[in-house]
Every structure is written in C-alpha cells, then in structure tokens.
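These notes are about the structure you will find just below.
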Amino acid sequence: MLVLVNTAAALLLFPLLVFVQSLDPAFNDDVLGLIVFKAGLTDPQSRLTSWNEEDDSACNWVGVKCDPTSNRVSELLLDGFSLSGHLGRSLIRLQSLKVLQLSRNNFSGTINPILTQIPYLETIDLSQNSLSGSIPEEIFQQCGSLKEISLAKNNLTGLIPQSLTSCTNLKRLNFSSNLLSGQLFSGLWSLSSLRLLDLSDNLFEGEIPIGIDSLSVLKAVSFSKNKFVGWLPENIGNCLLLKSVDFGGNYFSGGLPISMRKLGFCRYLDVSGNLLAGDFPDWIGDMRSLEFLDVSSNNFSGQIPVTVGNLQSLKEVNFSNNRFTGNLPESFGDCVNIKVLDVGQNLLSGNMPSWIFKLSLERVSLSGNRYSGSMVIPSWMQSYQILRVLDLSSNALTGEIPSAIGNFSQLQALNISRNSLVGSIPASIGQLNTTLVLDMSYNQLHGSIPVEIGNCSSLTSLVLSRNNLTGPISVSIATLSNLELLDLSFNNFSGSLPKELTNLSHLVTFNVSFNNLEGELPVGGFFNTITPSSVTGNPSLCGSIVNHSCPAVHPKPLVLNPNSSVSNHTPLSQNLRHKRIVLSISSLVAIAAAIFIALGVVIVSILNVKARTSMARSANALTFSGTGDDYSPSNETEANSYGKLVMFSGDVDFESGAHALLNKNCELGRGGFGSVYKTDLRCGRAVAIKKLNTTSLVKSRDDFEREVKRLGKIKHENLVQLEGYYWTPSLQLLINEYISGGSLHKHLHEVEYSGSLLTWRQRFKIIVCTAKGLAHLHRLNLIHYNIKSSNVMIEVSGEAKVGDFGLAKLLPALDRYILSSKVQSALGYMAPEFACQTVKITEKCDVYGFGVLILEVITGKRPVEYMEDDVVVLCDMVREALDEGRVEECIDKKLNGGYSMEEAIPVIKLGLICASQVPSNRPDMEEVIRILELIQCPSESQEELE
Ligand SMILES: *[C@@H]1O[C@H](CO)[C@@H](O)[C@H](O)[C@H]1NC(C)=O
Ligand SMILES: *[C@@H]1O[C@H](CO)[C@@H](O)[C@H](O)[C@H]1NC(C)=O
Ligand SMILES: *[C@@H]1O[C@H](CO)[C@@H](O)[C@H](O)[C@H]1NC(C)=O
Ligand SMILES: *[C@@H]1O[C@H](CO)[C@@H](O)[C@H](O)[C@H]1NC(C)=O
Ligand SMILES: *[C@@H]1O[C@H](CO)[C@@H](O)[C@H](O)[C@H]1NC(C)=O
C-alpha cells in the first residue's frame, strides 16, 4: 500500500503522509513515521537497511520492538548506530512508543519538544550525542509516564526546566557532562521516586537547597565537578538507601555531615577536591559498607582515625593531599580487602609502615610525607605477587635499598626518588621484569648500575639522576628496548657511551648531562635528535652535538714526505710525486694499505711462478666443465692439488695459454681484491681475469665455489658478467666478461682518455645504468661493498656495467675490519658506518658509494683530492657549494656548459642525499631509479645533446 511512496521522494513524504492517511485510516503510522525519521538521517554504517517502506509492519526492523498485543512500535533501540541528523517531528507518529533509546549516536541540533506528545513514553535516552541548546521547558509538561531520562554527554546549555517537577514518576535522571548552569531549585526534591540523580560535570553553582532527604529512595547521587559552594547537604544521611555519593570537585567547605554515619549501605563516597577541613571524623568507621573512599585534596587535618580499621569492605582509599599528621593507624591492617592505598602528600611521620605489605595491596603511595628510618621490606609478605605500584618518593628514608625489592614480581612502577637512600642498587633489581617505570633519583646511591638491569625488559622509564653512581654506563641498558625515558644525569658515570644505545628506538627523552663521560657520542638513532643540554656537563665527551670534535674523526694533519723510500714503490707514489701533501689519518691508512698491496704483488708474483709451472705441468689435470656443476668425484683430489678451471658457458680454452693469464703487460688494473688482466679465449673473445690476492683470506674451496657459482648466475645488462673461475689452494682467478670501453675512473680522471670526453647525456646514462645494476644486486640481497668509479665499466655503446660485486662474500667472514681494509682503495666511497662497530652494514653502504660516484661523475673530481696543503672531500665541497648557492661552480668544467641545469642540480642533490651520513636517510636504489627517471628532462632527448 506504500507503493505510491518511495524514499527518493523523501521530501515529499510529509505532505503525502497526511494525504495517504486521509485516504486510508488503517494505514500504519509507525512505518511511515520511522521511514520519514530515517529519511532525515545519515546512516554511514547502513544499519537501517531493513527499514523498508514497502513493509506493512515495522516490527521486524532492526532496532524496533513492538507491543505483542497492539503490534504498535513500543521501543526504538538505536544505541550506538552512528546515526547523525536531527530529532525530527516524525517520531510523534509512534504513539505507542515507551522506550526511545538513541544513545551513542551523533544526533545534533536541539531537543525537539514534540517528544512530549508521545503519550506513554517512559524512557528517553539521548545520552552521548551532539545535542545543543537548552532543554525545552515544554518537554516535561506532560511527563506523568516518564520514568527515566538521560541527556548525559551532550552540549546542552542553560537551566534545568522548572517543569521537571511534574515528572513525579521519574526514577532516573542523568544530565551529567553537559554545559548546564544556574542554581538547583528545591522543587527537585519533590521527585520523590528518584533513585538516581546525576548532575555531575556541568556548570551548576550556588548552594545545594535544603531538603534533599525528601528523596527517600535515592540510591545514587552525584553533584561532582560543578561549582557548588557551601556545606555538603546536612541531611543527606536520611537518604538511607544511598549506595553511592559523589560530591567531589566542587567548592564545598566545612566537614563531613554527621548524618552520613547512618549510610550503612553506602559503598562509594567521594568528597575529593573540595575545601573540606577539620579533623576527619571517627564515625567514618560506622559506614561499614564502604568499598571506595576518596577524601583527597582537601584540608583535613589531625590523625587518620583508628576506626578505619572497621571498614573491612574497603578496597580503595585515598587520603592524599591533606594535612594529616601522625602515622598511619595500624588498624588499617584489618582492612583485609584493601587493594589501593594512597596517603601521599600529607604530613605523616615516623617509621615507614612496612606492615602494609602484609595486605594484598596492588597500589601504595606513601609519597610526599615525612617518613624516616630505613626502607624495610619484611621477609614474608602478601604483596609480593600482587603489588603493582609502590611510591615511597619524597620522604626521608635512609639506609640501603633492601634486596627483597626484587621479590615484587608483578611490580609495574617503583618510585623511591627523593629520599636519603645510600649504598648501591641491588642486583635483585633485575628480577623486576614487569616493571615499566623505575625512579631512584635524588638519593645518595653509589656504585655502578648492576648489569642485571638488562633483565628489566619491560622498562619504559629509568631515572637514576642525582645520585653518586659511578662506573661506565652499562651496555645492558641498551637491551631495554622499550625505554622511552632514560635519565642518568648528575652522577659520576665515566667511560664512553655504549654505541648500542642507538638501538633504543623508542627513546624520547635522554639525559646523561653532568657526569664524567668521555669519548665519542654515538651517531644514529635518537642520538641524531638529542639536544646539547642532554649531554652537557661532560667535558670529555665529543661529537658534533656538544660542538667538540672528536680526535679520531678529525685528526691533526700530518706532513708526509712523498719522496721517502716508504712510498716509493707503491702505485700511489706516482700520483703523489712532486707534491708536498698533508694527509689525514684515513689517507695514512690508505698508504699503509698500498704498501700492503705492494707486498701482496711480490707474493703473488712468486705464486705466479708456481702456478705457471703447475699449470704447464699438468694441463690435462684441469677440470673442464660445461656447466660448472658436474664434477667427477674421482677428480676431486687431483683438482684440489692441481687446480680447476670452470667456465660457466662452456668455453674452456684460452687462446694464448695459461702463461699469458698473468702477463704483466696485459694488466688492466688492480684493486682491493686483486689485479685484473686481459686475455683472449681460443674463439677470439676477450675476457678479463681477476687474480684474487691475499689468498689466505679466501674461504675454503667449497665455499669459494658455492659463492662464485652464485655470482655466475647473476645476469643483468648493467652488471659485468662473471664467466668462470680457476681455483687452486694458492691461486684463485675470476673470469669476467671483458668490457672494451674501460672504466669510468679512466674516463673521468686519466689523461689518455681525455680525448673521449664524456658528454652530459653519457654521464647521466652512466649514473642510471649504475643505479640499475646496483638495484638488481640489492634485489638479490647482495651488497656490493666496493662501489667506485674504477668498478664501473663503460661499453663502447655508452652502456655502463657494474663489476667486482659480491667479492666480499669470498672473505672468510664478513668482518668489517677486513672489509674496510679490503676496500680501502675506495677511499672516499666508504660509508661512515664502516668505522662504527655497532651499526649494521646494509645495502645502504652501496647507496653511499653511489652518491659519491654521482658527485664524481658530475664534477669530474675524485672523491678525495689531495691539494697543496689540504685534503678536499668531494661530498663536503659540493654540499658547501650547494648551501652557498654556487653549486654550478662544481660541475665539471670540461663539459663546457654542455648540460642542463634542470637535471644537474637535482642530480647533485640526489648524490648528496645518497651520501647522507645516516644510513636510514639514504634512499634505496629502487627509489633512486625512480627519482632519476623524474629528473631526466623529457625534452632533452639523447639526439639533441649528442
Ligand atoms: C557528526 O555529525 C556532524 C554533522 O552534523 C559531522 O560533521 C560529523 O562528522 C559527525 N561525526 C561522526 C563521528 O559521525
Ligand atoms: C560542545 O561544544 C564545544 C564548544 O562549545 C565544542 O568544542 C564541542 O566540540 C562540542 N561537543 C560536541 C560533542 O558537540
Ligand atoms: C550518566 O550517563 C553517563 C553517560 O551515559 C554515564 O557514564 C554515567 O555513568 C551515568 N551516571 C550514573 C550515575 O549512572
Ligand atoms: C620474568 O622472569 C620470570 C622468572 O625469571 C619469568 O618466568 C617471566 O616469564 C619473566 N617475565 C617477563 C615478562 O619477561
Ligand atoms: C661520590 O663518590 C666519590 C667516589 O666514590 C666520592 O669521592 C665522593 O665524595 C662522593 N660524592 C658524594 C656527594 O657523596
């Protein structure tokens, strides 16, 4: 019968409603009323889809209940449906409605007075919406049936309507958490059926009118968090059924009304946060049902009455922040159900009441009193397994911290700060593995932090400041991975800060100021964000944050005579000839390493002779294999002693014979891992052969072969292909694809290549190719470790290929010391984390080297250049130039302006980002490729520039 109507025409509904009704008196008002109500709402969770206007009855709809006899809607229960909109007129159609529950939605606007025209309404719950405006006076004009109304947690303003007094059947009234104001009127006390009255958290003011005891069946009353003044209602104790009384957070003065002692059913009493004063009454012991008692933040004085021991149901008691004197009465020990005891911020004195630990307490605060004597923890206690929070701070406790403290196996917070405790921190502290917060500051503790602290794995906050603690800062602190706050300031800690502290990834506040710490501040992690004040007052601490450079990082320059015999035979000496140079320690390391290489050459030459003879003697002993995978086991011993040549592709023979392999004249170059020679295969194809030096560092044959075969499987257009290998215990060769164009290093820096100057477009292409090669390695979880311009080979076509990758895997262990000495020839490309034992080396070290390589390609300068009396680090130079807005000066002059600024500047910036000191700041190679694609100007195609 509702076919005439549809929701799309929702706006037309109301006039239609009148029309249809006049046609058909049997028409169901409820369906229409609810459909119109729905039409005015937003229903983001589609909770009302079952509300279909074509239904004859609404009784099966979600949130709707009907009276079984009349079949009319009696309850609308839409609690927490996330509906928004206004309370429309249409609800008036629900003439049989008894319960209207629209709590926890987003209804807005004012309360529609039309609600009162629903004759039998018993419950109105509009709590937790966004209703505003004042409560309309009309709403209570015919409220004889109303039993319960909650408007709590809205934004209602204004006064309580006087008409409320006509709701004589009202049992529950909850207007809490609004912005209601004005004074209460005594007419409220005529609502003699009231069981619950909650006016808390509003802006009510003035005194509570006399006569509240008319509410003889009142069970719960809350006036808390308003601006009431005057005395607490004197006759409140006549409301004998009261179970819950909350007057907290007002300006009540005077004392507790004596009538209260009659409240034998009262479980909950809160008068906290008022201006109540005077001695706390003894009769409190009469309120025997009390479970919760909060009198905190008043001005009560005198002793805490002994009669509290009568309150055997007490679970939670708060006497804090008053002026109580004397000691806590031992009768408290009778309150066997007590879980929470707070007597903090009073004037209590005497010995610490350690008997409290015999109770099953969960939380205790004695903080801010005048307790003295030693901190005693009796040997057997109920609280051991139960206590969660122990606050003894700001007293005058003396003596040592008892080691029984470790017995509190569930402790979450321990605060013993601001006492006069001496001795050292007991090792048993390590048993507190559930503790989140530990504060021992402002005592006179000495000795060092026990390493056991590392077992306190839940700690989020550790405060040991203002003691006299000594010794180094225990590395075990670095294992406390949940730490957010660490304060060790104002002690006598010495030694250096453990680098492992950088692992504390959740640390927000860190303070080690005013100690005797020395050495380098760790780099990375939260250390990048700490302020100078958190490390100040440690004269020997160095690092950029304290503005005090570390000797190991910026050495005093040393003058070196390049003509001295030491460096005469090194390859480096040729570069250095006729130059008086000043070198940093790192370059000295490089020179020392070069000597090492020279030595290696001698050794290898000797080995060469051996190898040549052994190869010549038993050419047929070489194992030739098509795939490199199928060895005959019978050859194993022979192969072990005589060597084995494996070509992955199947080409097995060298044109010029083994002897040419290591011919000095064919040497192409040399690096940290060995020298490279060119030779031809019998088929005429050239290969590059790398002779690995320092043989002792190479792994066992099995390991070697496994790694080399793995490397051989890596195929990418921007990676130099490994084609085979040769192995004897004393000599290992890697056979690589030969790239005729030479290395990028030669193109950029060597005179004989200056004729074939790289154009801007070629350079850009080289950068992109290198990035792609590295990205491919990283996709295979392989770190290059040794990226530098001499390892980037250029094809005649201009394609670039990255070579020499994965060689670090051939070392016996991926030891960073060996690694950095191996790649020392890559001075200037080496990521700073190589110098730091604690930072994990990741593929980001390649990104660093790549960043330096970008700058090298763009500027045509070496990563580190030795000038007349200076060492110029390329990254620093470019960064400085960029900062000073003269980055153009850095671009290779040989390009003669043949480049695009739109590309050059972003590429330089990319290089600098890649060469960030902090690994996590560097992009990964995939990102680099995407950035390069974005940088490349589409207009500047290859043809245009070449
Ligand atoms: C509540 O309704 C208002 C509009 O009346 C809307 O802006 C807001 O996003 C809604 N909030 C929620 C939680 O639905
Ligand atoms: C209540 O009103 C205040 C301002 O008077 C506003 O900031 C707040 O968002 C409102 N709350 C609700 C639930 O509408
Ligand atoms: C009043 O209503 C609010 C919101 O629904 C609720 O949190 C509070 O407990 C109610 N008050 C009483 C005394 O039940
Ligand atoms: C704490 O230590 C106890 C005993 O050593 C152990 O049983 C428990 O699992 C530990 N709890 C945590 C959170 O580490
Ligand atoms: C701190 O300890 C050191 C060494 O144990 C001692 O010399 C010094 O007097 C102590 N300082 C204080 C304030 O107790």
Side-chain angles (χ1 to χ4, degrees), residues 200-201 220-233 236 242-257 260-261 263 266-285 287 289-311 313-329 331-332 335 337-349 352-353 356 359 361-371 387-395 413 415 418:
S200 63
D201 195 13
V221 60
S222 177
F223 293 151
S224 69
K225 293 197 246 171
N226 280 287
K227 300 194 283 187
F228 290 117
V229 297
W231 288 5
L232 293 173
I236 186 82
L242 272 176
K243 287 185 174 168
S244 171
V245 177
D246 190 349
F247 292 138
N250 283 287
Y251 301 106
F252 289 116
S253 52
L256 291 183
M260 272 191 178
R261 69 189 301 176
L263 298 178
C266 189
R267 293 183 194 156
Y268 185 103
L269 175 58
D270 187 347
V271 293
S272 65
N274 281 292
L275 305 168
L276 302 173
D279 282 356
F280 198 77
D282 280 339
W283 53 253
I284 193 74
M287 297 180 71
S289 299
L290 274 186
E291 294 173 8
F292 178 97
L293 173 62
D294 189 349
V295 304
S296 64
S297 302
N298 280 290
N299 278 321
F300 287 116
S301 54
Q303 304 227 348
I304 295 175
V306 177
T307 54
V308 290
N310 299 345
L311 304 177
S313 303
L314 212 51
K315 290 182 180 151
E316 198 169 334
V317 63
N318 192 344
F319 282 105
S320 71
N321 210 3
N322 280 285
R323 306 178 60 76
F324 288 112
T325 51
N327 204 336
L328 198 62
S331 60
F332 247 120
C335 304
N337 291 306
I338 200 157
K339 298 274 176 233
V340 180
L341 172 64
D342 188 349
V343 294
Q345 329 306 323
N346 279 291
L347 304 168
L348 301 175
S349 56
M352 180 184 135
I356 55 171
L359 297 164
L361 287 165
E362 287 173 9
R363 285 189 277 148
V364 181
S365 172
L366 305 180
S367 141
N369 281 289
R370 295 171 175 176
Y371 282 116
L387 196 66
R388 303 290 151 95
V389 178
L390 177 57
D391 188 350
L392 304 176
S393 62
S394 301
N395 278 288
N415 189 348
R418 292 176 197 262

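What's counted below: heavy atoms across the whole structure, side chains too, no hydrogens, waters or symmetry copies. Start at 1 with the first residue, then count along the sequence.
Listed for the Asn274 side chain is no donor-acceptor partner under 3.5 Å among the backbone atoms of Leu276. Formation of a donor-acceptor pair under 3.5 Å by the Asn298 side chain with backbone atoms of Phe300 is not found in this model. Using modelled atom types, one side-chain atom of Asp391 and one backbone atom of Ser393 make a donor-acceptor pair closer than 3.5 Å. Although no hydrogens or angles enter the test, the distance criterion places a donor-acceptor pair under 3.5 Å between the side chain of Thr307 and the main chain of Asp282.
For the atom pair CD of Gln303 and CG of Asn346, the computed distance is 12.0 Å after rounding to the nearest 0.5 Å. Between the CG atom of Leu269 and the CZ atom of Phe247 there is a distance of 8.5 Å, given to the nearest 0.5 Å.
Just one of Leu387, Leu366, Ile338 meets the side chain to side chain contact (heavy atoms under 4.5 Å, CB included) condition when paired with Ile356; it is Leu366.
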Given salt bridge (charged side-chain N to carboxylate O under 4.0 Å, His left out), test Glu291 with Lys315 step by step and report yes or no.
CA-CA 5 Å; Glu291 294 173 8; Lys315 290 182 180 151; 3.8 Å; yes

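Considering only residues two or more places apart in sequence or on other chains, Asn321 meets the side chain to side chain contact (heavy atoms under 4.5 Å, CB included) condition with Ser297, Gln345. Partners of Phe228 under the ring-ring contact (aromatic ring centres under 6.0 Å, His included) rule, at least two apart in sequence or in another chain, are Phe223. Considering only residues two or more places apart in sequence or on other chains, Ser301 meets the side chain to side chain contact (heavy atoms under 4.5 Å, CB included) condition with Asp279, Arg323.
By the 30° and 60° cut-offs, the orientation of the rings of Phe332 relative to Phe319 is perpendicular.
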